Amino acid sequence: MLILGVESSCDETGLALYDTNDGLLAHALHSQVEMHAEYGGVVPELASRDHIRRVLPLTELVLKDANKTLQDIDAIAYTQGPGLSGALLVGTSFAESLAFSLQIPTINVHHLEGHLLAPLLEANPPAFPFVALLVSGGHSQLMRVDGIGEYELLGDTLDDAAGEAFDKTAKLLGLGYPGGPALAKLAAFGKPHFKLPRPLLNSGDLNFSFSGLKTAVLTLANQHQPLDETTKADIAWEFQEAVTEVLTTKCMSALRETRLDNLIVSGGVGANTKLREKLNAATKRKLCKVSYPRLEFCTDNGAMIAFAGAMRLETMRLKAAQGLGNKNYGFSVKPRWDLAELQKP
Ligand code: KG4
Ligand code: ZN
């Protein structure tokens, strides 16, 4: 079956074609980073308008790259939430109306399920069950994953998400948007010079808290005004060290507590090199395996949505085929949506 994936939950329009026999055939992405950069963050209305401009040309592009036509598509998977409502509405209405015109089923995908399953797009994917660390701009969660739609929340952030902490700290240091990659780049020039707290490191549970770290950075920055480049790099180094140490320690605790030996990491912060170094070393010491998506699939993309849709469709293939005649093409978006609410297909 050939699945078209549509992602438009935030500031990236992603389209992809996934074939359940042949794997990922094509994917294309337009990032709005440059457009939002001058505002220092995502402007929702601008995001929605840009998704409208990009979604059709990107669909044509993936079809051309895969040497397919619209008529070859068997189902359309799209991000229904969580995300910005206007942005979600663009992808959702596009997917539903195209499916209506082609008389094919749609699969409404949870954005975080897309991230969560992205490592399975790579060669030699881990088998269920595994522990997943989901670290994006809006989430920092540890989950036990037993199968598609079988997600048990093990730990969550009590305040800021890891990516959010990277973004806010980058802003404090006067770096550009998005902050995560900019801060990681600067940290590479830093040295161990300052000491920041490791929030909830020994809390005995699997929860995170990153907002205090950001405040500690603010205090440190105020003490060293005006900030020169070396000081900024040293602060960035220590901040990255603190976040990645906490994330790594909690991942290892989650593996120990669940008695599982497979970890997958996904979401934008999963692209962080320091985090990968620490997780590689820690899992190796404990004879566990860790898997990541390729770098471009850590952040938002259409491939993970097409894939998550394909996984769901495979499981409910019969049901989907049977229900096709009665399909209701009405739609809604879910700007707020808890991953743990998802059911098995
Ligand atoms: O998963 P994602 O693309 O979007 C959400 O669904 O939220 O994640 C974006 C987040 C941003 O906060 C960004 O700063 C962070 O991931 N990020 C990074 C890196 N690349 C992206 N954080 C740290 N290091 C990176 N290399
Ligand atoms: Zn995302």
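We count ligands from 1, going down the list as the structure has it; atoms in each ligand are counted the same way. These numbers were taken from a predicted model, which means no experiment stands behind them.
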> Parallel, tilted or perpendicular: which fits the ring planes of W337 and H110, with parallel below 30° and perpendicular above 60°?
Replying inline: tilted
>> Below 30° counts as parallel, above 60° as perpendicular, anything between as tilted: where do the rings of F130 and F128 land?
In response: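 Answer is parallel, since the angle falls under 30°.
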> Would H111 count as a contact of ligand 1 if the rule is a heavy atom under 4.0 Å away?
Replying inline: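 Yes.
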Just wondering, do [Y] and [X] contact through their side chains at under 4.5 Å, heavy atoms?
X    : Y    : answer
L173 : L227 : yes
R312 : E113 : yes
E12  : S31  : yes
V246 : P199 : yes

> Does atom CD of E34 have more than 12 heavy-atom neighbours, drawn from other residues, nucleotides or ligands, at distances under 6.0 Å?
Replying inline: no
Could you tell me the residue and atom name of the protein heavy atom closest to [atom], and the distance to it rounded to 0.1 Å?
atom                    : value
atom 9 (C) of ligand 1  : G137 N, 3.7 Å
atom 21 (C) of ligand 1 : G268 O, 3.4 Å
atom 22 (N) of ligand 1 : G180 CA, 3.5 Å
atom 11 (C) of ligand 1 : D167 OD2, 3.5 Å
atom 23 (C) of ligand 1 : N272 ND2, 3.6 Å
atom 4 (O) of ligand 1  : D300 OD1, 3.5 Å

Atoms in ligand 1 with a heavy atom of [X] nearer than 4.0 Å:
X    : value
G163 : 12 (O)
H115 : 1 (O), 6 (O)
T299 : 3 (O)
G138 : 7 (O)

>> Using the side-chain contact (heavy atoms from CB on, under 4.5 Å) definition, which of the options I73, I104, D74 pairs with M1?
In response: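 For M1, the side-chain contact (heavy atoms from CB on, under 4.5 Å) check succeeds only for D74.
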> Under the criterion side-chain contact (heavy atoms from CB on, under 4.5 Å), which of L98, T92, V333 is the partner of Y78?
Replying inline: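 That would be T92.
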> D205: what forms a salt bridge (charged side-chain N to carboxylate O under 4.0 Å, His left out) with it, not counting sequence neighbours?
Replying inline: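 Expected list: K250.
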> What are the protein N, O or S atoms, given as residue plus atom name, that sit under 2.8 Å from the Zn ion (ligand 2)?
Replying inline: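 N, O, S partners closer than 2.8 Å: H111 NE2, H115 NE2, D300 OD1.
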> Hey, mind stepping through D156 and H139 against side-chain hydrogen bond (donor to acceptor under 3.5 Å, both in side chains) and telling me if it holds?
Replying inline: CA-CA 8 Å; D156 205 346; H139 293 83; over 6 Å; no
>> Quick check: P178 and ligand 1, any N/O pair under 3.5 Å apart?
In response: no
>> For ligand 1 and G267, I'd like to know whether there is a polar contact (N/O to N/O, distance under 3.5 Å).
In response: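 In this structure, G267 places no N or O atom under 3.5 Å from an N or O of ligand 1.
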> What do the steps show when you test L158 against L200 for side-chain contact (heavy atoms from CB on, under 4.5 Å), and what is the final call?
Replying inline: CA-CA 10 Å; L158 305 179; L200 300 190; 3.7 Å; yes
>> Taking the basic N atoms (NZ, or NE/NH1/NH2) and the acidic carboxylate oxygens, is any pair closer than 4.0 Å for E238 and R198?
In response: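 Judged by the 4.0 Å cut-off on N to carboxylate O distance, E238 and R198 do form a salt bridge.
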> If you measure from each non-hydrogen atom of H139 to ligand 1, which part falls under 4.0 Å: side chain, backbone, both or neither?
Replying inline: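 Neither; nothing of H139 gets under 4.0 Å from ligand 1.
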